[in-house]
Number of protein chains: 2
Amino acid sequence: MDGKPGLRERKKQRTHAAISDAAITLFLEHGFNQVSVAQVAEAAEVSKRTLFAYFPAKEDLVVHRLADHETEAARVVRARPPGAAPLTALRDHFLTGLRERDPITGLNDAPQVRRLTRMILDTPSLVARMERFKTGAERALAQALQETADTPELTARLAAVQIVAVQWALAGDNAERLAYGESADARYAGAVADAEHAFALLANGLRQLAPGE
Amino acid sequence: MDGKPGLRERKKQRTHAAISDAAITLFLEHGFNQVSVAQVAEAAEVSKRTLFAYFPAKEDLVVHRLADHETEAARVVRARPPGAAPLTALRDHFLTGLRERDPITGLNDAPQVRRLTRMILDTPSLVARMERFKTGAERALAQALQETADTPELTARLAAVQIVAVQWALAGDNAERLAYGESADARYAGAVADAEHAFALLANGLRQLAPGE
DNA sequence: AGTAAATGTATACCAGGTGCAGAAATACTC
DNA sequence: GAGTATTTCTGCACCTGGTATACATTTACT
């Protein structure tokens, strides 16, 4: 495609990676709040000003890796095979993620991943930053539902917030268990069962909590 | 009940109110990010250190008024008449809120409320702070569902995140419309219809997006 | 009236983040 | 390959939110 990234571009990517790597390493070793951005900049051999040119805020040094997932649900809905229902596509995608131990499902127990997850869950400002991804994911998914499933705007938005909320709840549940010791393999069966239950709930509604029995 | 608030207690309340009032006034006039906490402290005739003794962070100067709503859904579920379904109680409560133009439903167009709402929606750090209320509301509601509706833990948590997400989506939708000009009375009928649609969706599920027709 | 506990203040300080002016590196042109 | 224009990086000063410390003031209790 682009046979020439160009020197400037390559250097930028290297600097970006250098800063990110230095940050993650230091944060994992000493804790997010115990390391200042100045220290990160120094470790990456870059000025503080340059660091902020690459990452808008300290939190982004950690969460920028998850930025791709912001539009993941929307992409899954758009890319589903013709005739397939959006919810089915999303469920299958989530189950695939579990099977492959995709970190986004919370079911990856590689030591680094687990430590990173735990750090995020234990750091309020990082959790807050993650919430913004959630909001973005809701918007993108709502749009995708509206455009590809012929869903009215309000319904699309409501469905999107429900779906995203449920997916995060599932992932958060898995992540929390692993972060505090359970192994991914031990959790797998339960995670699958929970996910299937959750998507069934999404599809069929909260009958248990509604009137007409 | 407590015939004696005590002088110390009364002074605290007055200081608390003085700081909050000064903050809201200044923020509405000049914008949240344009006013420093030092200015708020000065206007309230209090030291900066004291201000932070009353409010843990700048954002709380604005959102502390909404703290009560964090457990509102949980309280509604717990206080529902015997035999009533949780979802029904929540829906009725929300519809009552709309009728009474409760600001939490986004349907109050008193100028101050509208300006405050708009300020919050336009200020990322305030939105982030609101998200934390959402998380708290989810937890409290999940607990209430588990304890009073005999709902299994996972189901309770999933139901809670769905319900809270939907309520916030409805309120956010109303608030956004009002913040940008629509009147509460003009919006009322639509808001009611939307709420009923949303709660029906919660109860019956996202059939439109699921497979088995 | 006098003392202990709580609250408030002043000051200095730290960390995240930005504006600015200039130095250094890269890309473009002849 | 030299020279110039454009990015990018840097160092520095600065602002703001938030905290630690040490001291003064006020309230409550006897």
Side-chain angles (χ1 to χ4, degrees), chain A residues 2-20 22-24 26-27 29-64 119-120 123-129 132, chain B residues 2-20 22-24 26-27 29-64 119-120 123-129 132:
Chain A
D2 48 32
K4 283 185 179 181
L7 174 56
R8 197 162 255 168
E9 209 57 36
R10 270 178 288 145
K11 267 208 161 179
K12 267 169 99 165
Q13 289 179 5
R14 268 194 299 148
T15 305
H16 185 92
I19 297 173
S20 173
I24 299 284
L26 285 173
F27 290 155
E29 187 160 357
H30 303 109
F32 184 76
N33 290 318
Q34 276 60 54
V35 178
S36 72
V37 293
Q39 288 174 279
V40 174
E42 193 180 5
E45 295 181 312
V46 157
S47 79
K48 197 175 79 168
R49 205 68 184 71
T50 299
L51 185 153
F52 280 111
Y54 281 85
F55 298 91
K58 188 185 183 185
E59 287 74 25
D60 293 291
L61 291 167
V62 176
V63 303
H64 75 97
M119 187 181 81
I120 293 173
T123 308
S125 66
L126 288 173
V127 173
R129 188 67 186 70
R132 276 181 41 199
Chain B
D2 49 33
K4 284 186 178 181
L7 174 56
R8 196 161 258 170
E9 208 55 37
R10 271 177 287 145
K11 265 205 163 181
K12 267 170 99 166
Q13 288 180 5
R14 269 194 298 148
T15 305
H16 185 92
I19 297 173
S20 173
I24 299 284
L26 286 173
F27 290 155
E29 188 159 356
H30 304 107
F32 183 76
N33 290 317
Q34 276 59 57
V35 178
S36 72
V37 293
Q39 287 175 279
V40 174
E42 193 181 5
E45 295 181 312
V46 155
S47 80
K48 198 175 77 165
R49 203 70 182 68
T50 298
L51 185 153
F52 280 111
Y54 281 87
F55 299 91
K58 187 184 183 186
E59 286 75 25
D60 293 292
L61 291 167
V62 176
V63 303
H64 74 98
M119 186 181 81
I120 293 173
T123 309
S125 67
L126 288 173
V127 173
R129 190 65 188 70
R132 275 182 43 199

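Both backbone and side-chain heavy atoms feed into the values below; hydrogens, waters and symmetry mates do not. Within every chain, numbering begins at 1; the chains are lettered A, B, ... in the order of the sequence lines, protein sequences first and strands thereafter.
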Worksheet, complete the sentence: Scoring nucleotides 10-20 of chain C by protein non-hydrogen atoms under 4.0 Å (B base, S sugar-phosphate only, - none) yields B-----SBBBB

Worksheet item: For the pair made of OH in A/Y54 and C1' in D/dT7, what is the distance, rounded to whole Å?
Response: 11 Å

Discussion item. Distance to the ring centre below 6.0 angstrom and angle to the axis at most 45 degrees; does that hold for A/K58 and A/F32?
Written reply: yes

Fill in: Protein-nucleotide distance (B/K11, atom NZ; D/dT27, atom C1'), rounded to Å
8 Å

Worksheet item: Is atom CD of B/E42 surrounded by more than 12 heavy atoms (other residues, nucleotides or ligands) closer than 6.0 Å?
Response: no

Item to complete: Give the rounded distance in Å between these two atoms: CD of B/E45 and C1' of C/dT9.
Response: 14 Å

Discussion item. What is the distance, to the nearest angstrom, from the CZ atom on B/R10 to the C1' atom on D/dA28?
Written reply: 13 Å

Discussion item. Return the CD to OH distance between B/Q13 and B/Y54, rounded to the nearest 0.5 Å.
Written reply: 9.5 Å

Discussion item. Counting C-beta onward and ignoring hydrogens, is there a side-chain heavy-atom pair between B/H16 and B/H64 closer than 4.5 Å?
Written reply: yes

Worksheet item: Within this structure, what is the CD-to-P distance between B/E9 and D/dA28, rounded to whole angstrom?
Response: 9 Å

Discussion item. Tell me the interatomic distance from A/K12, atom NZ, to D/dT7, atom C1', rounded to whole angstroms.
Written reply: 8 Å

Discussion item. Just the rounded figure in Å: distance from P of D/dT16 to CD of B/Q34.
Written reply: 11 Å

Worksheet item: Considering residues at least two apart in sequence or located in another chain, which fulfil the side chain to side chain contact (heavy atoms under 4.5 Å, CB included) criterion with A/F52?
Response: A/V37, A/K48

Practice prompt. Only counting residues at least two apart or in another chain, list the ones meeting side chain to side chain contact (heavy atoms under 4.5 Å, CB included) with A/A18.
Written response: none

Practice prompt. Answer with base, sugar-phosphate or nothing: what part of the nucleic acid does A/F55 contact at a heavy-atom distance below 4.0 Å?
Written response: nothing

Worksheet item: Please give, in whole Å, the distance from D/dT16 P to B/L26 CG?
Response: 14 Å

